[in-house]
Amino acid sequence: MKILLTGGTGYIGSHTAVELIKRGYEVEIIDNLFNSKITVLDGIEKITGVKPKFYHADLLDTEKLDEIFTSNNYDAVMHFAGLKAVGESVGKPLLYYYNNIGTTINLLEAMKKHGTKRIIFSSSATVYGDQDGVKLTEKNQTGIGITNPYGQTKYMIEQILKDNVVANPDFEVTILRYFNPVGAHASGFIGEDPNDIPNNLMPVIMKVSTGEIPILSVYGNDYNTPDGTGMRDYIHVVDLARGHVMAIEKMGPGVQIYNLGTGEATSVMEMIKAFEEAGGKTLPYKITARRPGDLAKIFADPTKAEVELKWKTELTVADAMRDTINYLNCLKKR
Ligand code: NAD
Ligand code: WQD
């Protein structure tokens with residue numbers, strides 16, 4: 001089975017490429033390298049022994065896309081490509097709508113024209129909007145209280161995928177709503193290495209530990225949580241990647257939607273402590289004001305994926321911290 005990964009040199013795409021290759025799938029990647037590096041392909045090869053075929057191309061380039069689909073017969077597409085910086089999306093909404101939605105429409109057009117019917121889409125817990133402190137199931141409402149254009153693009157793309165299936169009932173769509181991916185491959189060969197300035201907690205922790213960012217700002221300690229700091233459902237990226245393998249093996253007609261999370265919430269202070277314990281050194285931090293739009297506690301009910309995909313997270317936050325530190329050490333040696 002041959003699968004095209006859009007955004008496959010990115011953080012989640014690269015880990016998914018590894019898990020797919022390990023399961024015997026043929027993987028090809030298209031990425032414009034806006035937020036990833038070509039050397040990721042070497043990392044995938046070191047882990048699996050296979051270097052996926054790579055197209056350095058932009059999904060907004062419809063001619064190139066048509067060319068790629070003309071010369072291949074893909075059984076499925078996993079659509080990771082997109083811009084994902086929440087704060088940036090507020091300042092550059094048109095860029096986010098154009099890139100995230102434009103790429104998806106181009107991809108669906110190319111798939112339809114060339115007879116590729118299966119797509120797995122990287123959605124996000126952000127589609128649940130401002131629902132705070134409840135274990136989110138796939139039945140929870142979506143689209144209400146989304147506070148930024150990035151989140152809106154995820155919600156809109158879910159709708160586009162659903163509408164496209166109504167018009168093309170032979171399409172098979174799986175929407176995976178990721179919670180907070182963290183960690184790296186245990187080998188240290190791939191991990192999160194963004195080109196942009198990070199604003200998610202884990203990449204910031206990484207940059208504070210290397211001294212690139214002087215101090216971690218903890219955004220508020222007056223939330224209604226046991227230690228007052230925000231709580232999230234941090235999922236190890238390798239568990240998340242395995243979720244894609246289980247999803248592709250279970251695809252069927254219509255639209256399937258799954259939360260991929262652990263079902264547990266961890267606070268910012270607990271994350272700092274876990275990193276310190278794994279690395280054996282302290283992480284400088286200060287308590288600052290809340291970040292606008294943040295909620296106290298967001299976590300998944302992953303039961304549907306457990307029952308239907310036979311998928312369950314196996315790795316812990318401590319594993320993610322260990323693998324992140326190992327990855328940072330490997331980066332230093334390169
Ligand atoms: P990433 O930035 O590491 O990977 C995305 C890749 O897409 C990058 O390599 C980038 O160069 C590529 N890309 C962007 N626009 C493109 C275009 N027009 N043409 C070709 N390539 C393009 O991000 P990630 O963390 O691996 O996320 C993958 C997907 O998962 C994204 O859609 C993201 O929104 C979604 N997601 C991520 C998180 C998270 O916290 N990391 C959470 C929920 C959902
Ligand atoms: C986690 C916690 C912060 C940075 C975002 C997107 C969401 C999804 C996942 C893609 C919160 C706190 C953070 C820092 C801090 N991405 N924090 N200091 O906000 O859950 O979700 O990423 O789809 O759409 O919105 O993740 O990592 O930004 O924050 O104290 O420097 O860490 O307040 O409690 P979030 P995050």
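As the structure is a computational prediction, the values presented were derived from the model and not from experiment. For the numbers below, each heavy atom of this structure counts, side chains included, while hydrogens, waters and symmetry mates do not.
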Under the side-chain hydrogen bond (donor to acceptor under 3.5 Å, both in side chains) criterion, do Thr262 and Glu264 qualify, and how do the steps go?
-> CA-CA 5 Å; Thr262 67; Glu264 306 287 333; over 6 Å; no
Would the number of heavy atoms belonging to other residues, nucleotides or ligands and lying under 6.0 Å from CG of Asn73 be above 12?
-> no
Taking the side chain from Asp132 and the backbone from Ala296, do they hold a donor-acceptor pair closer than 3.5 Å?
-> yes
Under 3.5 Å: donor-acceptor pair, side chain of Asn148, backbone of Gly151 = yes
Shortest non-hydrogen contact from Tyr128 toward Glu138 | OH-CA, 3.4 Å
To the nearest 0.5 angstrom, please state how far the OG1 atom of Thr16 sits from the CG atom of Leu176.
-> 9.0 Å
Aromatic ring pairing Tyr11/His15, orientation class (parallel under 30°, perpendicular over 60°, tilted between) = perpendicular
Measuring from Leu5:CG to Phe80:CZ, what's the distance to the nearest 0.5 Å?
-> 5.0 Å
So Arg118 and Tyr74, side-chain hydrogen bond (donor to acceptor under 3.5 Å, both in side chains) or not? Walk me through it.
-> CA-CA 9 Å; Arg118 292 173 169 173; Tyr74 295 118; over 6 Å; no
Transitive ILVMFWY side-chain link Ile38 to Val27, under 4.5 Å = yes
ILVMFWY cluster, Tyr150 and Val127 together (side-chain gap under 4.5 Å) | no
Please determine which of Asp66, Ile68, Asn72 meets the side chain to side chain contact (heavy atoms under 4.5 Å, CB included) test together with Thr70.
-> Asp66
Shortest non-hydrogen pair, Gly261 vs Thr313, comes out as O-CG2, 3.7 Å
Kindly indicate, with the supporting measurements, whether the criterion side-chain hydrogen bond (donor to acceptor under 3.5 Å, both in side chains) is fulfilled by Thr137 and Asp301.
-> CA-CA 5 Å; Thr137 78; Asp301 182 339; 6.0 Å; no
Could you walk me through whether His79 and Met111 pass the side-chain contact (heavy atoms from CB on, under 4.5 Å) check?
-> CA-CA 12 Å; His79 183 31; Met111 288 175 66; over 6 Å; no
Does the side chain of Ser267 pick up a donor-acceptor pair with the side chain of Asp227 at under 3.5 Å?
-> yes
Test side-chain hydrogen bond (donor to acceptor under 3.5 Å, both in side chains) on Gln256 and Thr174 and set out the steps.
-> CA-CA 5 Å; Gln256 323 295 328; Thr174 296; over 6 Å; no
Decide whether Tyr219 and Val182 are clustered together by the hydrophobic rule: side chain heavy atoms of Ile, Leu, Val, Met, Phe, Trp, Tyr closer than 4.5 Å, transitively.
-> no
After noting the C-alpha distance and the side-chain angles of Thr103 and Leu107, does the key distance pass the side-chain contact (heavy atoms from CB on, under 4.5 Å) rule?
-> CA-CA 6 Å; Thr103 54; Leu107 189 61; over 6 Å; no
Hydrophobic cluster membership, Met251 vs Ile175, 4.5 Å side-chain cutoff = no
Any chance you could measure Thr9, atom OG1, to Phe34, atom CZ, to the nearest 0.5 Å?
-> 12.5 Å
Can you tell me if Asn259 uses its side chain to pair, donor with acceptor, with the backbone of Leu136 under 3.5 Å?
-> yes
Reported NE2-to-CG distance for the pair His236 and Leu315, which is rounded to 0.5 angstrom | 5.0 Å
